[in-house]
Amino acid sequence: MVAADSRASMGGYISSQSVKKIIEINPYMLGTMAGGAADCQFWHRNLGIKCRLHALANKRRISVSGASKLLANMLYSYRGMGLSVGTMIAGWDETGPGLYYVDNEGGRLKGDRFSVGSGSPYAYGVLDSGYKYDMSVEETSELARRSIYHATFRDGASGGVASVYHVGPEGWTKLSGDDVEELHYHYYPVAPAIAEQVMEEATAE
Amino acid sequence: MECVFGLVGNGFAIVAADTSAVHSILLHKNNEDKIMVLDSHKLVAASGEPGDRVQFTEYVQKNVSLYKFRNGIPLTTAAAANFTRGELATALRKNPYSVNILMAGYDNESGASLYYIDYIATLHKVDKGAFGYGSYFSLSTMDRHYRSDMSVEEAIELVDKCILEIRSRLVVAPPNFVIKIVDKDGARDYAWRQSVKDVTTAAV
């Protein structure tokens, strides 16, 4: 399950609330964007090209491990030159689901759950406390949505729309895209205060 | 901070490393294996920047394999350590690797050995060595209790003493450690010492 917000900021200015931060590398692999938007978009597209070339040369799909290693090696060769990429490669291959964290320093980690970006500590808080390995798809998508919402609540550089994608054996599908402002009132509805209720009754008479 | 330490015993060498993958204040992963099996009878415990650590140790591993394929016999531990130091030295003035390495190995002729290789290409053959903030605690503990003819059980007791000291005194102490051993039967996992278990138990 992969989820992301959609806010882009330049210092204190919100430049966009509708950035696609989940990048579709190919029909069975997704990448997430954190750090520099241009770097992430370019290098993910480049990775997509390399994956396609691999499939054509070897007559079978590249594994998630292989794809993430390709990206990590590419980023490692540019280390120290100012690239800013914090990404997760999520996909499905012969060994089942795969999730890798790759960053601009050339680090690559295999894991079961990661959170990346300025709001990541907030998201980790919700994600870790609600996570179990054997959750259902509905529970997991709700946990993912909730993690993004809580990160956007506390972090100024996160906001916009919380998108949730599911990655399965047949590939990825987009499950939902909810505006986080609306999610806030959905999770924390505003009950009318006593004074307002009394006022309504008074004016009704 | 990353803690790596190791010692040589009677016909074996043991290395221990923490298993935390850290990014500023975030702990991304607490079961990251930082001790690479270089070949059948060599271990490389590495600490340093995440990209450099994996890329450099894999580079050394592939070159050690290449030597074996080309020449039909594996490198000795001393030769592998000197090769590693040479690569670090060559890169140092242009594009240095920020990796500190403890290389442990067993050769039939010379027995078990441990090599201390730091990021500026220092090379020492040692009986015990350590890197990182944890070294402040583990080095003195090892100096106090180490003997050159320790058995595996005694050495593991000493390693556990060091891990306990690091856990109790280091402010950003890593919760989990991995211990690997190399002796005449080869290089292999010995144990994991985990005080924080992740929800899924498999280590990757």
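Each chain gets a letter, A, B and so on, in the order the sequences are listed, and its residues count up from 1.
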A:D103 versus chain B, heavy atoms under 4.5 Å apart: side chain, backbone, both or neither? side chain

Considering non-hydrogen atoms only, spot the tightest contact between [X] and [Y] and give its length.
X      : Y      : answer
A:S115 : B:H28  : O-CE1, 3.3 Å
A:R108 : B:E32  : O-OE2, 4.4 Å
B:P50  : A:G107 : CB-CA, 3.9 Å
B:L26  : A:S120 : CD1-OG, 3.1 Å

Taking everything shown except [X] itself, do over 12 heavy atoms lie less than 6.0 Å from its [atom1]?
X      : atom1 : answer
A:R52  : CZ    : no
A:L56  : CG    : yes
A:K59  : NZ    : no
B:Y136 : OH    : no
A:Y188 : OH    : yes
B:Y133 : OH    : no

Measuring from A:R79:CZ to B:S98:OG, what's the distance to the nearest 0.5 Å? 7.0 Å

Do the side chains of A:N73 and B:Q55 get nearer than 4.5 Å, heavy atoms only? yes

So, do B:H23 and A:Y101 sit near enough that their side-chain heavy atoms are less than 4.5 Å apart? yes

